[in-house]
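Pasting a structure here, questions to come.
We number each residue from 1, following the sequence as shown. Since the model is a prediction, treat every value here as computed from it, not as a measurement. Values below: every heavy atom of this structure, side chains too, minus hydrogens, waters and symmetry copies.
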Amino acid sequence: MVISKETCAAIIALHKNGLTGKSIAATKIAPQSTIYRIIKNFKERASIVVKKAPGRPRKTSKRQDRILKQFQLRDRTTSSAELAQEWQQAGVSASARTVRRRLFEQGLVSRRAAKKPLLFRKNIRDRLIFCKRYREWTAEDWGKVIFSDESPFRLFGTSGKQLIRRRRGFLSPLSGGAVMGSEKHCYRLDYSGIALLIMGSFVPWLYYSFYCSPQPRLIYLSIVCVLGITAIVVAQWDRFATPKHRPTRAGVFLGLGLSGIVPTLHFTIAEGFVKATTVGQMGWFFLMAVMYITGAGLYAARIPERFFPGKFDIWFQSHQIFHVLVVAAAFIHFYGVSNLQEFRYGLEGGCTDDSLL
């Protein structure tokens, strides 16, 4: 119960005159428990001002608050509930409400993201031509134009609002990561194409390496195809398209690339190390795998842009390095497979009855 200073002063004055707490409560100036609390506070602190309770101790440190801010700035569209889960993985158990308070303390507020339409050069040129053609029209001219009703049909994305967090007082909503850009499906085709490329790289190598072993060849080809299809499904799934699941996507491609270790060991043990590296072209395929894995690792770790923010936004970012390494690995693979095919179709590469498994 909130008691004014005047009431507290009256209670203390009655107490000094010799009245007990029960006698003062009989005047109905305040509840008896409140009167005893005020008298006790006066005896301990010699003041009528009630000491303010310290409240619940702060649950997070400044370092943990900075970590939360980094999580939010990494992806401004992440909700408070998702940030609370990510924060919990960093060792902080807090509610979504606490997350919002900590971000607000650090100057990050929730705002609706500005939308940027998807415009190609032709769209921009046509709009400019239209504006120049009719820029002299008056309101009377436009009054003669009939605008037909339109029904939007969205092929992707949503027409609803998208909330993002940005700094308070930020003047330009079209920069600083506060823009909800037009979604494009090209990046999904991009990931699917990489999965097909990796899967296609294994197929001819497995076919010619186990040319005389039909059963292992069928098993390894089936495994690679299943892993490749899994990678394509993950690439097309909306749930894994967010920046939060970037390591998951990279892990799937990494697992697809590492799946070649088992057949490599099998071939090396069966044919011998010397034959595997010379006739089997294992050295070239090993180099191809290293380039695949290196590219996926750089993409997952966001190297080098994570160490130099803003320096590699256009050129030499991890995604571009990933593509360069994948294409280079494809050329290396082509060279190795061509040599292996030439050996298998030669006189020494045929199969005997003893070599068939």
Check: Pro304 and Ile321 side chains under 4.5 Å, non-hydrogen atoms
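The answer is yes, as the side chains (C-beta and beyond) meet within the 4.5 Å cut-off.
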
Could you walk me through whether Ile11 and Cys8 pass side-chain contact (heavy atoms from CB on, under 4.5 Å), step by step?
CA-CA 5 Å; Ile11 293 173; Cys8 292; 5.7 Å; no

Quick one: do Asp65 and Gln106 satisfy side-chain contact (heavy atoms from CB on, under 4.5 Å)? Show the steps, please.
CA-CA 8 Å; Asp65 294 343; Gln106 299 183 79; 3.7 Å; yes

Give a yes or no on whether the backbone of Ser209 and the side-chain of Arg344 come within a donor-acceptor separation of less than 3.5 Å.
yes

Would you indicate whether Arg97, at its atom CZ, is surrounded by more than 12 heavy atoms from other residues, nucleotides or ligands within a distance under 6.0 Å?
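Atom CZ in Arg97 is not crowded, with 12 or fewer foreign heavy atoms closer than 6.0 Å.
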
Electrostatic pair Lys69:Glu105 at N-O distance under 4.0 angstrom
no

Contact check, side chains of Gln88 and Val92, non-hydrogen atoms, under 4.5 Å:
no

Tyr207 reachable from Leu196 in the ILVMFWY side-chain graph, under 4.5 Å edges
yes

Leu103 side chain reached by Leu83 side chain, heavy atoms, under 4.5 Å
yes

pair Ser222-Cys225: side-chain heavy atoms closer than 4.5 Å:
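Ser222 vs Cys225: side chains apart.
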
Any Glu305 side-chain heavy atom under 4.5 Å of Phe316 side chain:
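Answer no - side chains too far apart.
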
Angle class for the Phe130/Tyr134 ring planes (parallel below 30°, perpendicular above 60°, tilted otherwise)?
tilted

If we count only N and O atoms by modelled type, under 3.5 Å, do the side chains of Gln72 and Thr78 hold a donor and an acceptor together?
no

Could you measure the distance from the CZ atom of Phe343 to the OG atom of Ser338? Nearest 0.5 Å is fine.
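Answer rounded to 0.5 Å: 15.5 Å.
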
Would Trp284 and Tyr335 count as a ring-ring contact (aromatic ring centres under 6.0 Å, His included) here? Give the steps.
CA-CA 8 Å; Trp284 294 110; Tyr335 178 77; 5.1 Å; yes

How many angstroms lie between CG in Leu68 and CZ in Arg100, if you round to the nearest 0.5 Å?
12.0 Å

Is the count of non-hydrogen atoms from other residues, nucleotides or ligands lying under 6.0 Å from Glu342 atom CD greater than 12?
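Open: at most 12 neighbouring heavy atoms sit under 6.0 Å from CD of Glu342.
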
Does CH2 in Trp315 sit with more than 12 non-hydrogen atoms of other residues, nucleotides or ligands closer than 6.0 Å?
no

Identify the heavy atoms of Ala329 and Met288 that sit nearest to each other, and give their distance.
O-CG, 3.6 Å

At their closest point, which heavy atom of Ala84 faces which heavy atom of Ala94, and how far apart are they?
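Minimum heavy-atom separation between Ala84 and Ala94: CB-O, 3.6 Å.
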
Taking Ser23's backbone N and O only, do any of them form a donor-acceptor pair with Thr20's side chain (distance below 3.5 Å, no angle check)?
yes

Taking the ring of Phe285 and the ring of Trp205, is the distance between their centroids below 6.0 Å?
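Yes, the ring centres sit under 6.0 Å apart.
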
Any non-hydrogen side-chain atom of Phe322 less than 4.5 Å from a side-chain atom of Leu298?
no

Among the clusters formed by ILVMFWY side chains lying less than 4.5 Å apart, do Ile303 and Phe308 turn up in the same one?
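Result: yes, single cluster for both.
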
side-chain contact (heavy atoms from CB on, under 4.5 Å) assessment of Arg74 paired with Arg306:
CA-CA 10 Å; Arg74 187 183 303 167; Arg306 72 179 304 172; over 6 Å; no

Joint cluster assignment, Leu325 & Phe286, ILVMFWY side-chain distance < 4.5 Å:
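Hydrophobic grouping puts Leu325 apart from Phe286.
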
Taking all non-hydrogen atoms of both residues into account, name the closest pair between Ile232 and Ser192 and its distance.
CG2-OG, 3.9 Å

Are Phe267 and Phe273 grouped together when hydrophobic residues (ILVMFWY) are joined by side-chain heavy atoms under 4.5 angstrom apart?
no

Residues, nucleotides or ligands: over 12 heavy atoms within 6.0 Å of Arg127 CZ:
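No, not enclosed.
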
Side-chain contact, heavy-atom cut-off 4.5 Å: Lys40 with Tyr36?
no

Applying side-chain contact (heavy atoms from CB on, under 4.5 Å) to Val262 and His266, what does each step give before you reach the verdict?
CA-CA 6 Å; Val262 175; His266 183 173; 5.5 Å; no

Taking the side chain as every heavy atom from C-beta outward, state whether Tyr220 and Val224 have any atom pair closer than 4.5 Å.
no

Keeping Thr27 on the side-chain end and Ile24 on the backbone end, is there a donor-acceptor pair under 3.5 Å?
yes

Ala96 and Ala81: which non-hydrogen atoms are nearest, and at how many Å?
CB-N, 4.0 Å

Nearest non-hydrogen partners of Ala30 and Ile35, listed with the distance:
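Scanning both residues, the minimum pair turns out to be O-CD1, 3.4 Å.
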
Main-chain N/O of Phe71 paired with Asp75 side-chain donor or acceptor, under 3.5 Å
no

Measure from the ring center of Tyr299 to the ring center of His319 and say whether it is less than 6.0 Å.
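Yes; His319 has its ring centre under 6.0 Å from that of Tyr299.
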
Does Ile261 share a hydrophobic cluster with Ile293, counting links as ILVMFWY side-chain heavy atoms below 4.5 Å and allowing steps through other members?
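Ile261 and Ile293: one cluster.
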
Could you check whether the rings of Tyr211 and Tyr345 sit parallel, tilted or perpendicular, using 30° and 60° as the cut-offs?
perpendicular

